[in-house]
Amino acid sequence: MEEQGPDEGDAAGPGAVRFEPPSEAAARSIRRELALWYASNQRDLPWRRTSDPYAIWVSEAMLQQTRVDTVREYWPRFLERFPTATALASADEEAVLEAWSGLGYYRRARSLQAAARVIADRHGGVFPRELGAALDLPGVGPYTAGAVVSIAYDEPAALVDGNVERVFARLFGMEGVRGSGPLGRACWAAATFFIDRLEGAVRPSVWNQALMELGALICTPRAPKCEGCPLAGSCVAKARGNAVGIPRPKPRRASTEVELEVYVIEQGGRWLLEQRPDGGLMGGMWQFPTVEVTSSGLFPDELAPALGSKVEPEHDLIAITHGITHHRIRARVRSASLAGQGVEPAAWFAPAEAAELALTGMARKVAERLAPTRDPLFDQS
DNA sequence: AAGCCGGGGGA
DNA sequence: TCCCCAGGCTT
């Protein structure tokens with residue numbers, strides 16, 4: 001447990017990206033204070049009211065890089081539609097994507113269904129209780145495997161997400177960049193240390209969720225509420241007065257400016273929408289015909305299928321800004337008419353029908369601005 | 001190890 | 001505006 005080669009992080013003292021196990025007394029105090037705090041401060045989240053491993057797994061898949069408040073709206077609808085792993089396994093992919101539309105990271109939805117098929121075929125329709133078997137499922141990595149196995153089955157499986165990383169980094173004064181390998185490994189060591197030493201009164205399910213809850217409610221990234229923290233007395237970062245500076249923020253990536261023209265082609269109250277090619281960015285999702293505007297002209301690129309070039313623009317409707325990952329998109333939305341043939345893959349949809357599709361985020365924004373409806377899909381905010 | 005994948009909310 | 005969110009996969 002103590003083997004630390006004389007390499008990089010070796011500047012021992014404060015500043016090392018390394019987990020130094022606390023004394024047994026300190027660890028006991030941390031366990032007790034956190035569990036006590038969680039018992040009376042946890043949020044009433046819908047997925048905490050079920051013990052169904054499938055339902056818990058769905059919540060974890062949705063929560064990957066996605067806020068609790070967003071998932072709150074999607075999770076019950078998804079489960080109503082696909083109530084079991086077996087039901088999800090046999091559903092149309094299109095229907096799964098539609099239920100996911102707006103959550104982003106659409107590979108999660110495809111992986112979820114692929115994993116459901118494995119579960120139906122090889123695990124009797126029940127999410128595996130074994131960590132290794134869980135890790136073999138597509139879309140299930142170290143975090144999600146630990147989360148489902150510990151939360152649904154109360155197995156002593158460790159777990160580190162962005163919250164837990166922040167909590168441990170501050171608690172033990174570990175330097176390192178957010179999300180980096182060295183800090184991640186140190187936090188996994190810390191998580192494993194604690195999960196292996198829980199006492200009977202603290203179940204793995206409670207411990208792991210308490211860690212994440214502390215990160216979400218108290219040990220927040222920008223303005224941690226240290227005065228309300230049950231672990232303040234043990235926290236190295238608080239003692240040093242630099243909780244906010246830990247962990248070090250990830251160096252920010254340059255974002256690319258993208259300018260698009262989005263064409264609204266309407267006939268008989270229907271919009272012409274095109275489907276993005278499979279495999280690429282937002283593959284299989286529907287959008288208004290789109291072209292990218294560059295210094296050398298208008299042309300479809302990987303952000304847009306081919307239909308846009310067969311369009312005759314008419315007049316401007318609205319302007320939309322949209323951010324996806326590291327793209328900063330400004331879109332000029334114009335009415336247009338169809339100038340050519342060969343519109344595959346595209347089809348006409350009434351606004352209410354469009355609301356039933358797996359639309360891109362940009363397309364949802366445009367549709368919402370052009371034809372506000374009472375449809376639930378557009379009533380979310 | 002670094003890049004890629006959506007979208008949104010809080011500061 | 002920028003950062004980060006109950007991450008995982010590919011190169």
Side-chain angles (χ1 to χ4, degrees), chain A residues 42-43 45 47-48 56-75 97 100-112 114-115 134-148 150-152 157-167 177-185 188 191 205 208-217 219-225 244 247-256 276 279-283 285 287 302-303 320-329 358-365 380-381:
Chain A
Q42 64 175 288
R43 289 169 293 180
L45 302 177
W47 44 92
R48 288 182 178 157
I56 291 170
W57 167 45
V58 170
S59 77
E60 293 300 341
M62 288 186 168
L63 285 162
Q64 289 169 16
Q65 299 297 290
T66 305
R67 312 249 168 197
V68 163
D69 284 339
T70 304
V71 174
R72 262 183 204 275
E73 303 175 11
Y74 282 81
W75 184 75
L97 276 177
W100 205 269
S101 172
L103 271 177
Y105 287 106
Y106 297 97
R107 189 173 56 187
R108 291 185 296 172
R110 300 180 204 276
S111 298
L112 195 69
L135 273 170
D136 280 340
L137 297 170
V140 177
Y143 165 77
T144 306
V148 177
S150 68
I151 295 172
L159 136 185
V160 174
D161 72 337
N163 289 309
V164 175
E165 180 186 84
R166 195 170 52 252
V167 168
V177 174
R178 207 220 81 83
S180 68
L183 181 57
R185 285 189 288 277
W188 275 96
S205 163
N208 279 338
Q209 292 186 81
L211 272 176
M212 294 189 282
E213 196 76 337
L214 188 72
L217 299 183
C219 198
T220 54
R222 319 266 186 116
K225 305 168 178 64
V244 183
R248 234 187 85 204
K250 204 183 304 193
R252 71 184 269 279
R253 267 202 312 245
S255 71
T256 311
R276 300 179 60 87
L281 184 68
M282 294 175 282
M285 317 253 332
Q287 66 180 17
E302 74 276 1
L303 284 176
I320 299 261
T321 62
H322 189 64
I324 63 174
T325 316
H326 56 286
H327 294 282
R328 188 81 200 151
I329 302 174
L359 295 174
T360 66
M362 170 72 82
R364 282 188 297 117
K365 276 188 185 174
Q380 285 166 23
S381 55

Under 4.0 Å between any heavy atoms, over every strand shown, what does A:Leu112 touch: base, sugar-phosphate, or nothing? Just pick one. nothing
Checking all strands, does A:Thr144 fall into the base, sugar-phosphate, or nothing category for heavy-atom contacts under 4.0 angstrom? sugar-phosphate
When every non-hydrogen atom of A:Ile151 is compared with those of A:Ser205, the smallest separation belongs to O-OG, 3.7 Å
For nucleotides C:dC5 and B:dG6, find the distance between their C1' atoms and express it as a whole number of Å. 12 Å
For C:dC5, take OP1 and OP2 only and decide whether either is under 4.0 Å from a side-chain N or O of A:Arg166. yes
Given B:dG6, is OP1 or OP2 found less than 4.0 Å from the side-chain N or O atoms of A:His322? no
So which atom in A:Met285 and which in A:Ser101 form the shortest heavy-atom distance, rounded to 0.1 Å? CE-OG, 4.4 Å
Spacing of the P atoms in B:dG3 and C:dA6 (rounded, Å): 24 Å
What's the CG-P distance between A:Asn163 and C:dC3, to the nearest Å? 19 Å
Does anything in residues 65-72 of chain A reach DNA chain C, meaning a heavy atom under 4.0 Å, and if so which residues? A:Gln65, A:Arg67
Between A:Gly104 and A:Arg222, which is nearer to the 5' end of DNA chain B once each is assigned its nearest nucleotide? A:Gly104
Who passes side-chain hydrogen bond (donor to acceptor under 3.5 Å, both in side chains) against A:Ser150, sequence neighbours left out? A:Asn208
Where the side chain of A:Arg178 is defined as all heavy atoms beyond and including C-beta, which of C:dT1, C:dC5, C:dG7 is the nearest nucleotide? C:dC5
Residue pair A:Leu135/A:Glu60 against DNA chain C: nearer the 5' end by closest nucleotide is A:Glu60
Looking only at heavy atoms, the pair that brings A:Met62 and A:Val71 closest together is O-CG2, 3.5 Å
Taking all non-hydrogen atoms of both residues into account, name the closest pair between A:Gly139 and A:Ser111 and its distance. CA-CB, 3.8 Å
Would you say A:Arg110 places a side-chain N or O within less than 4.0 Å of OP1 or OP2 belonging to C:dG8? no
Looking only at heavy atoms, which two atoms of A:Tyr74 and A:Trp100 are closest? And how far apart? CE2-O, 4.1 Å
In terms of side-chain heavy atoms of A:Arg107, which of C:dT10, C:dA6, C:dC5 is nearest? C:dT10
Locate the shortest heavy-atom distance separating A:Arg276 from A:Leu281; write the atom from each residue and the value. NE-O, 2.9 Å
Regarding A:Val164, tell me which of base, sugar-phosphate or nothing describes its non-hydrogen contacts under 4.0 Å with the strands shown. nothing
Would one find a side-chain N or O of A:Arg108 under 4.0 angstrom from OP1 or OP2 of C:dC9? no
Helical stems, DNA chain B - three or more consecutive Watson-Crick or G-U wobble pairs below 3.5 Å: B:1-5 with C:7-11, B:7-11 with C:1-5
Who passes side-chain hydrogen bond (donor to acceptor under 3.5 Å, both in side chains) against A:Glu60, sequence neighbours left out? A:Tyr143
For A:Tyr105 and A:Pro249, find the nucleotide of DNA chain C closest to each by heavy atoms; which residue's nucleotide sits nearer the 5' end? A:Pro249
Going by the rule salt bridge (Lys or Arg N to Asp or Glu O under 4.0 Å), which residues pair with A:Arg108 if we only count those two or more places apart in sequence or in a different chain? none
Residues which pass side chain to side chain contact (heavy atoms under 4.5 Å, CB included) with A:Arg43, listed by chain and number, not counting sequence neighbours: A:Leu45, A:Arg48, A:Val68, A:Glu213, A:Ala216, A:Leu217
Suppose you measure atom P in C:dC9 against the same atom in B:dG8; what distance do you get, rounded to whole Å? 24 Å
Residue mapping more 5' on DNA chain B - nearest nucleotide basis, A:Ala223 or A:Gly102: A:Gly102
